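Excluded from the calculations below are hydrogen atoms, water molecules and symmetry mates; all remaining heavy atoms, backbone and side chain alike, are included. Everything numeric here is computed off the predicted structure, so don't read it as measured data. In what follows, every chain begins at residue 1, and chains take the letters A, B, ... in the order their sequences are listed.
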Amino acid sequence: MTITKPMVSLLLALTTSALASGGREDDGERSRSAPLDPFYVEECGACHVAYPPGLLSRESWRAVVGGLGRHFGVDASVEAQLGAQINAYLQAHASPRASDDREGRPWLRITDTRWFRHEHRPGEDGLYPGVFESEAVRSPANCEACHRGAAEGRYGEREIRIP
Amino acid sequence: METIRACVLAAAVVAAPAWAERPADFLQRFESQARGEDASFRASAERGRSWFDRRHGGDWSCSSCHTGDPSTKGRHEVTGKAIAPMAPAVNPERLSSERQVRKWFRRNCKDVLGRACSAAEKADVVAWLIAAGAPTGARR
């Protein structure tokens, strides 16, 4: 592969934005914490949005990647080398905060975390009761149903449209 | 310069099968594997269609997520995410990569059947996906 000037600037831009947002404490900024890794997107983003790695802790991601053979009832297994690579990416960009339940067990679902439940409480940004079960959304895992830029890693308020 | 051009061309020709295969290559491969078990085996799009639509002892069929019409978009049963059409006639990315075909049969057969698919099952499904959305007359 030839490395072109635009590619270098893109890479620099991605790195700079990752560094700039990495240290922020604001919960609303979590989803912008890292550029999306192409292997992560290909392997994990086929069945659901490639969730921002900053939404779970290292322990949570380790548990998720370690259990891909039976991933919420579905076989999401990846080849060993790819699995290690994806885990390394997730570990590098995971949230520094714990994402675990009261017994200290790592959450496996982003939707179980206190952050998610707070940001998506009924009434917030026009969320109505039953929205996650509606035909257009079907599951809180379906970020794209409302966050129209989710596939590209954008979750800003301007791109929220609740069906 | 000419030598370089020739080398590049040769490399491209040699490398091509690794990343771009044709749907018919998969049909042929699975069909010949299935013939190892049953010499008279011939893939059937019709058998593939009904197999695709049927549950095999579990909660899902292939069509639970992909719909019964491979030329249209599907939707993941659990996450609600849109799935691009399975028929190569409308989605040229399908049945074009050995790695992808291997991966998705491995994962999805386990989800739907609770086991690996046989070569005959794969041959029938591939025949069905090729036929779906293709001009009529292509089916067999």
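- The two atoms that bring B:V78 and A:S139 nearest to each other are O-CB, 3.4 Å, heavy atoms only.
- For CZ of A:R158, the number of neighbouring non-hydrogen atoms (other residues, nucleotides, ligands) closer than 6.0 Å is 12 at most.
- Counting heavy-atom pairs under 4.5 Å between each of A:A141, A:G73, A:A76 and chain B puts A:A76 at the top.
- Hydrophobic clustering (side-chain heavy atoms under 4.5 Å, transitive across Ile, Leu, Val, Met, Phe, Trp, Tyr) groups A:L108 together with A:L55.
- No more than 12 heavy atoms of other residues, nucleotides or ligands lie within 6.0 Å of CZ in A:R114, so this atom counts as exposed by the packing criterion.
- Per-residue counts of heavy-atom pairs under 4.5 Å with chain B were compared for A:A46, A:G69, A:A151, A:A145; the largest is that of A:A46.
- For the 3.5 Å distance criterion, the side chains of A:S77 and B:R106 qualify, holding a donor opposite an acceptor.
- Of the listed residues (B:K110, B:K81, B:K103, B:Q100), the greatest number of heavy-atom pairs within a distance under 4.5 Å of chain A belongs to B:K81.
- Other residues, nucleotides and ligands contribute at most 12 non-hydrogen atoms within 6.0 Å of the CZ atom of A:F39.
- Within 6.0 Å of CZ in A:R161 there are 12 or fewer heavy atoms belonging to other residues, nucleotides or ligands.
- With a 4.5 Å cut-off on non-hydrogen atoms, A:L68 does not touch chain B at all.
- The cluster map of Ile, Leu, Val, Met, Phe, Trp and Tyr, joined by side-chain heavy atoms under 4.5 Å apart, puts A:V41 and A:V65 in the same cluster.
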> Between B:R107 and A:H71, does a side chain to side chain contact (heavy atoms under 4.5 Å, CB included) hold up when you go through it step by step?
Replying inline: CA-CA 11 Å; B:R107 288 183 182 178; A:H71 184 64; over 6 Å; no

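- Across B:T79 and A:N142, no two heavy atoms sit closer than the pair O-CB, 3.0 Å.
- Under a 3.5 Å cut-off, the side chain of B:D111 and the backbone N or O of A:V74 do not form any donor-acceptor pair.
- Few gaps surround CD on A:E159; more than 12 heavy atoms of other groups in view lie less than 6.0 Å from it.
- Pairing each heavy atom of B:R75 with each of A:E135, the nearest pair is NH1-O, 2.9 Å.
- Heavy-atom neighbours of A:R70 CZ from other residues, nucleotides or ligands within 6.0 Å: at or below the threshold of 12.
- Checked for salt-bridge contact, A:E42 and B:R99 meet the test: a charged N lies under 4.0 Å from a carboxylate O.
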